[in-house]
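Remarks on the structure that follows.
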Amino acid sequence: MPFRVSVNRINHKIPTLSIDSVISGHNLRFMNVSFLHFLSCTGLVLVSSALLEAEEPLTIGGVHGGLVVQVGAHESDAAARLSRTGRYLIHVLDVASATAEKARKSLRSDGIYGLASAEALADPGHLPYAENVVNAVMLQSLGEMPVSEVFRILTPGGALLVAPSIGLKVTNLKAFGFVSISRGDDGTLIARKPWPKDMDSWSHPRHAANGNAVSGDTAVGPPERVRWVAAATSEVEGLVTADGRNFYGGVLARDSFNGLRLWHRDLQKEQLNDPKFNFRRLSYNRARPVASGKYVFAAGKGKLVALDAATGEVAHEYPGIDEPGEVIHHRDVVLAVDDNHVRAFSSKTGEQLWEREASDPRNLTAENETVCFIRGRPKRGEPVEAFAVELWTGKVKWQVSHFPWMDKVYRIVMHGKHVAFEVSSLNDHDAGNGLHILSEKTGKLEWEKDFPPGMNHTRQARAMFTGNDLWILHGGKENTATKEGTKRTAIQVSSLNPATGEVVKTFPAGLAHCFPPVATPRYVFAGVLDMTDMKTGDVVANRITKANCSRENGWVPANGLIYTTPKHCTCWPMLRGYVAMAPASPAKDNPVKQPIEEIKFP
């Protein structure tokens, strides 16, 4: 029985899916050669995009765009209809060469070959993709293919549609790990791959609303494979990711797991997917986009908006905030500041929850039920004060203004019982960098520490909390006030006791350049691509690329991958575009682990 593709009425022009350069993360087995034409022995491919108008906006299994695989090629009507939207790349596979050839001719005659393609499946028990790269699988026939193989290639949250004729039952799909299983009116089983517990998002410039640049992702490891690369024509700074979608700059959406372009929107214009779209550089004086699974919160043209994360359409507008300087999202509350106010809104309804007058509010952070920020313009003679207020009401919990360093604070980090105030020089000097740790409950000073950040250029005294530790990157140039007195010390990371500041352990690390360090529960990222193992102290360096210049993050460890954005650097040979790198393959027989002369290429 052929699939019935669900039809959703969407009131906007259908986006164009631009398929950019892709590098295989599976040693030439990400996709078959005839599906994406490899341009070099490394697996580099380029597929041109096309503007296609569809009669009806379509979705498949609730997936709004991305990579779709159809197993079984007896009919290709659904693949053709999906491809005409321009939002999907469809690969039709069949074990029978004659059946695949028939589907290929049909797709070519429809004039959409390339966005939809068909070929014979060489191995009836193996799908030719790396793990976690396919957004939806339409299963028309199963043959010798194990359901576990279908589960392997689907992205977290990816959809499986099973034709009734195959005979699979709900219990079969549950046994292989699928969730949210339902049955359509035509008998098609629809199921989803759950989100792995070891994968985390990176929803804010510094990971989350609490400002702690530490991902909880334990699936991230030293990169041994390039999962995908997309070409770029300019430098792009800024990346957040949530629910399997990456949002770059302001703002381009790509699939997190395969890099396919989903939509784009110039925040200063009204048009979605403008063909003349160019990135605007993000400003440090203007709110940067943050993401949730459902929305992207960003500064639009004179207003704060929530964009639908799947489509880019405006879902909500938040009143009263004309030019938001900062925005964060925490527990269904959107918090934003402008020149004179802090406001909180419901992310679900757009309704304002509370507001507080504040002169030049900044360093907005939130954790648990508390929101922290700083206010005051010292150049106007105003006191600089730090506030902690209740998340849902804005009621003041404590405020402090007697610390002499308060007007020099660059960022606030909240973690458990502690609030870290980072004082950073943002230049090449070591002086003027340090941490000041206050009690989250009372605002009282617990301890403070000055140190030279292990960076060049815009040095930051960054606090990175992981569990019961607080990690800092330190070393490099010291005593820089005079050229004669300048010396260099070893670049290291140290774990401090968050309650006392006492050094617990110290390991070697890489020198960060024009981007600050970030971390996961296992690794500190610094240097070109130097990862210090927090357990063993070993440093793993794989300098296939480097991070982009940024004050917020260079590397983004999330979704089990390591991301970087396009960069302008010419001093180092590297992958320069949008990049996603994967750890070692979980498959024991992966060709990557074989000598190249023993690998059988298609």
Side-chain angles (χ1 to χ4, degrees), residues 20 25 63-67 132-133 135 155-158 193-221 223 226-230 232 236-265 267 279 282 287-298 306-312 327-330 347 515 518-521 523 525 545 547-548 550 552-566 577-583:
D20 303 283
V63 175
H64 287 265
L67 176 60
N132 302 325
V133 296
N135 301 105
T155 63
K193 181 175 178 176
W195 194 272
K197 294 181 179 179
D198 57 356
M199 286 187 185
D200 193 11
S201 62
W202 190 282
S203 61
H204 289 62
R206 289 176 51 135
H207 178 252
N210 63 3
N212 187 31
V214 178
S215 169
D217 200 309
T218 56
V220 167
V226 178
R227 176 53 47 81
W228 59 264
V229 169
V236 177
E237 190 262 327
L239 163 62
V240 293
T241 178
D243 204 25
R245 301 181 187 96
N246 290 3
F247 305 98
Y248 296 88
V251 60
L252 165 68
R254 290 185 179 276
D255 187 272
S256 301
F257 296 99
N258 55 48
L260 295 185
R261 190 167 179 154
L262 302 176
W263 55 265
H264 59 262
R265 187 180 196 115
L267 295 172
F279 269 109
L282 293 176
R288 292 178 165 232
V290 302
S292 69
K294 192 172 184 179
Y295 301 117
V296 179
F297 305 98
L307 306 178
D308 186 298
T311 67
V327 61
I328 60 175
H329 174 251
H330 181 61
S347 62
F515 44 85
V518 299
T520 69
Y523 299 99
F525 292 68
T545 188
N548 188 19
S550 173
E552 306 301 334
N553 58 64
W555 314 106
V556 174
N559 307 314
L561 303 169
I562 302 170
Y563 299 100
T564 66
T565 60
Y578 303 88
V579 180
M581 293 168 286

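Excluded from the calculations below are hydrogen atoms, water molecules and symmetry mates; all remaining heavy atoms, backbone and side chain alike, are included.
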Between P566 and A232 the two heavy atoms that sit nearest each other are CG-CB, 3.4 Å
To the nearest 0.5 Å, atom CG of N548 lies from atom CZ of F515 at 9.0 Å
Taken in chain and number order and not counting sequence neighbours, the residues that satisfy side chain to side chain contact (heavy atoms under 4.5 Å, CB included) with N135 are V63, L67, T155, D255, N258
Correct closest heavy-atom pair for L262 and R245 would be CD1-CG, 4.0 Å
Taken to the nearest 0.5 Å, the spacing of Y578 OH from L252 CG works out to 5.0 Å
E552 meets the side chain to side chain donor-acceptor pair (under 3.5 Å) criterion, sequence neighbours left out, with R411
Closest heavy-atom pair, A558 versus S201, reported as atoms and distance to 0.1 Å, is CB-C, 4.0 Å
| request: Show your reasoning for whether side-chain contact (heavy atoms from CB on, under 4.5 Å) applies to L260 and W228. | output: CA-CA 9 Å; L260 295 185; W228 59 264; over 6 Å; no
H329 vs S347, side-chain contact (heavy atoms from CB on, under 4.5 Å): CA-CA, chis, key distance, verdict:
CA-CA 8 Å; H329 174 251; S347 62; 3.5 Å; yes
Sorted by chain and number, sequence neighbours left out, side chain to side chain contact (heavy atoms under 4.5 Å, CB included) with T218 holds for D198, P521
For D243, the side chain to side chain donor-acceptor pair (under 3.5 Å) test, sequence neighbours excluded, returns none
Sorted by chain and number, sequence neighbours left out, side chain to side chain donor-acceptor pair (under 3.5 Å) with N553 holds for none
Across all chains, not counting sequence neighbours, the side chain to side chain contact (heavy atoms under 4.5 Å, CB included) partners of T564 are T545, W555, K567, V579, M581
One should read off an interatomic distance between S256 OG and W202 CH2, to the nearest 0.5 angstrom, of 14.0 Å
Do V327 and P289 have side-chain heavy atoms sitting under 4.5 Å apart? no
Between the CG atom in L307 and the OH atom in Y295, the distance rounded to the nearest 0.5 Å is 11.0 Å
For A291, the side chain to side chain contact (heavy atoms under 4.5 Å, CB included) test, sequence neighbours excluded, returns V240, A242, F247
Across all chains, not counting sequence neighbours, the side chain to side chain donor-acceptor pair (under 3.5 Å) partners of D200 are H207
Donor-acceptor contact present, side-chain R254 to main-chain G259, <3.5 Å: yes
Item to complete: Take H64 and D308 through the test side-chain contact (heavy atoms from CB on, under 4.5 Å) and record every step on the way to the result.
Response: CA-CA 11 Å; H64 287 265; D308 186 298; 5.9 Å; no
Those residues at least two apart in sequence (or on a different chain) that pass ring-ring contact (aromatic ring centres under 6.0 Å, His included) with Y563 are none
ask   = Hey, are the side chains of V556 and V518 touching, using non-hydrogen atoms and a 4.5 Å cut-off?
value = no
For P156 and W195, the nearest pair of non-hydrogen atoms, with its separation, is CB-CE3, 3.4 Å
Shortest non-hydrogen pair, G211 vs R206, comes out as O-NE, 3.0 Å
dist R227:CZ -> N132:CG (nearest 0.5 Å) comes out at 6.5 Å
Check: Is a donor on one side and an acceptor on the other found under 3.5 Å between the side chain of S550 and the backbone of E237?
Finding: no
Tell me if a side-chain donor or acceptor on N559 pairs with a main-chain N or O of L561 at a distance below 3.5 Å.
no
In terms of heavy-atom contacts, A519 and P557 come closest through O-CG, 4.2 Å
- Query: Given F297 and I328, is the side-chain contact (heavy atoms from CB on, under 4.5 Å) satisfied, shown in steps?
  - Reply: CA-CA 8 Å; F297 305 98; I328 60 175; over 6 Å; no
In short, salt bridge (charged side-chain N to carboxylate O under 4.0 Å, His left out) pairs touching residues 210-220 with sequence neighbours left out are none
Residues at least two apart in sequence or cross-chain that pass ring-ring contact (aromatic ring centres under 6.0 Å, His included) with Y523, listed by chain then number, are none
Sorted by chain and number, sequence neighbours left out, ring-ring contact (aromatic ring centres under 6.0 Å, His included) with H204 holds for none
